[in-house]
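Below is one structure, written out as structure tokens, with a few remarks after it.
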Amino acid sequence: MQAVVLAAGKGTRLRPLTEDKPKVLVEVDGTPLIEDVFDNLLEIGATEFIVVVGYQKEQIIERYGDEYEDVPITYAHQREQLGLAHAILQAEPHIDDDFMLMLGDNIFRGNLGDVVNRQQEERADAAFLVEEVPYEEASRYGVLDTNEYGEIVEVVEKPDEPPSNLVMTGFYTFTPAIFHACHLVQPSDRGEYELPDAIDLLIQSGRTIDAIRMDGWRIDVGYPEDQETATERLQGDSPMASQTE
């Protein structure tokens, strides 16, 4: 399955770590974030990386060239950072079939393969790795509501009053139908094309989206202190424990 990696962001909240480099080249435990992403995706069968680049993209392209561990890399250019739905559309010309999507600034140790397996079942149009967070933190994320079958029936971006404490993690699988939905999305109040709005359009059109509960952990490296937290977590996990925790 092809894998799209979103790596165009400036990482303004990560400054000063991103003063002279793109966010995905910030290192955690000696490894750039994007390499950890690549390694996770390779482990679950990625056949090609489509990397959406933007801010200081030359550093990423010069470092990795056209392949990583013998898997080809194609670069798609997001010239303006206008939201995740806009970023995904930059990959559209390169996608042939169902694909994985991972945010380039997340450290994952968990059951990513379960999401891919669910996507390969005929009944699923998309599958998301999701996790529960404290209710008071849920408003920071895209919050999900599910039905009795574990299917996602609503996605709300950073709501004041979350309908649940179940949130998106930054790893998804989609059919190419997501591109049509992204084309239909209108800018949000902050002027961006939001991925939850595109997902909501998929749901309204009758698509089946399954929520796969995370078995493991992840850290969104959004602030300098997250770099230290992620490093400590990785050093505390043995390679085997990090995959089975």
Checklist entry - Does Tyr75 have any ring pair (Phe, Tyr, Trp, His ring centres under 6.0 Å) partners at least two apart in sequence or in another chain, and if so, which? => result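 Once residues adjacent in sequence are excluded, Tyr75 has no partner under the ring pair (Phe, Tyr, Trp, His ring centres under 6.0 Å) criterion.
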Item to check | Qualifying residues under ring pair (Phe, Tyr, Trp, His ring centres under 6.0 Å), relative to Tyr193, sequence neighbours excluded | outcome: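 Expected list: none.
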Checklist entry - Checking salt bridge (charged side-chain N to carboxylate O under 4.0 Å, His left out) for the pair Arg109/Asp36: CA distance, chi angles, key distance, verdict? => result CA-CA 10 Å; Arg109 293 295 182 271; Asp36 195 81; 2.8 Å; yes
Residues in side-chain hydrogen bond (donor to acceptor under 3.5 Å, both in side chains) contact with [X], at least two apart in sequence or another chain:
| X | answer |
| --- | --- |
| Asp105 | Lys23 |
| Arg118 | Asp210 |
| Thr31 | none |

Could you tell me if the side chain of [Y] sits less than 4.5 Å from the side chain of [X], heavy atoms only?
| X | Y | value |
| --- | --- | --- |
| Met214 | Phe171 | no |
| Leu166 | Arg213 | yes |
| Asp97 | Met1 | no |
| Leu33 | Ile107 | yes |

Side chains of [X] and [Y]: do they bring a donor and an acceptor to under 3.5 Å?
| X | Y | value |
| --- | --- | --- |
| His86 | Gln81 | no |
| Ser188 | Glu194 | yes |
| Asp29 | Gln235 | yes |
| Gln2 | Thr47 | no |
| Gln90 | Gln78 | no |
| Asn117 | Glu121 | no |

Checklist entry - Can you list every side-chain hydrogen bond (donor to acceptor under 3.5 Å, both in side chains) pair that touches residues 168-180, not counting sequence neighbours? => result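 Found Gln119-Thr173.
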Output the distance between atom [atom1] ([X]) and atom [atom2] ([Y]), rounded to the nearest 0.5 Å.
| X | Y | atom1 | atom2 | answer |
| --- | --- | --- | --- | --- |
| Ile212 | Phe128 | CD1 | CZ | 11.0 Å |
| Ile199 | Leu84 | CD1 | CG | 9.0 Å |
| Leu103 | Ile34 | CG | CD1 | 12.0 Å |
| Leu41 | Met102 | CG | CE | 4.5 Å |

Item to check | Flag, side chain of Asn147 to backbone of Tyr149, donor-acceptor distance under 3.5 Å | outcome: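 Yes, the answer is positive, given that a donor and an acceptor are paired below the 3.5 Å cut-off.
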Checklist entry - Would you say Gln227's side chain and Val26's backbone share a donor-acceptor pair under 3.5 angstrom? => result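 No, the answer is negative, given that no donor and acceptor are paired below the 3.5 Å cut-off.
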Item to check | Closest non-hydrogen atom pair, Ile203 against Ile152 | outcome: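 Ile203 and Ile152 have their closest heavy atoms at CD1-O, 3.7 Å.
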Checklist entry - For the ring pair Phe49 and Phe38, is the centre-to-centre distance below 6.0 Å? => result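 Yes, they do, as the ring centres are separated by less than 6.0 Å.
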Check this for me: [X], atom [atom1], are more than 12 non-hydrogen atoms of other residues, nucleotides or ligands nearer than 6.0 Å?
| X | atom1 | answer |
| --- | --- | --- |
| Arg190 | CZ | yes |
| Glu225 | CD | yes |
| Glu161 | CD | no |
| Glu228 | CD | no |

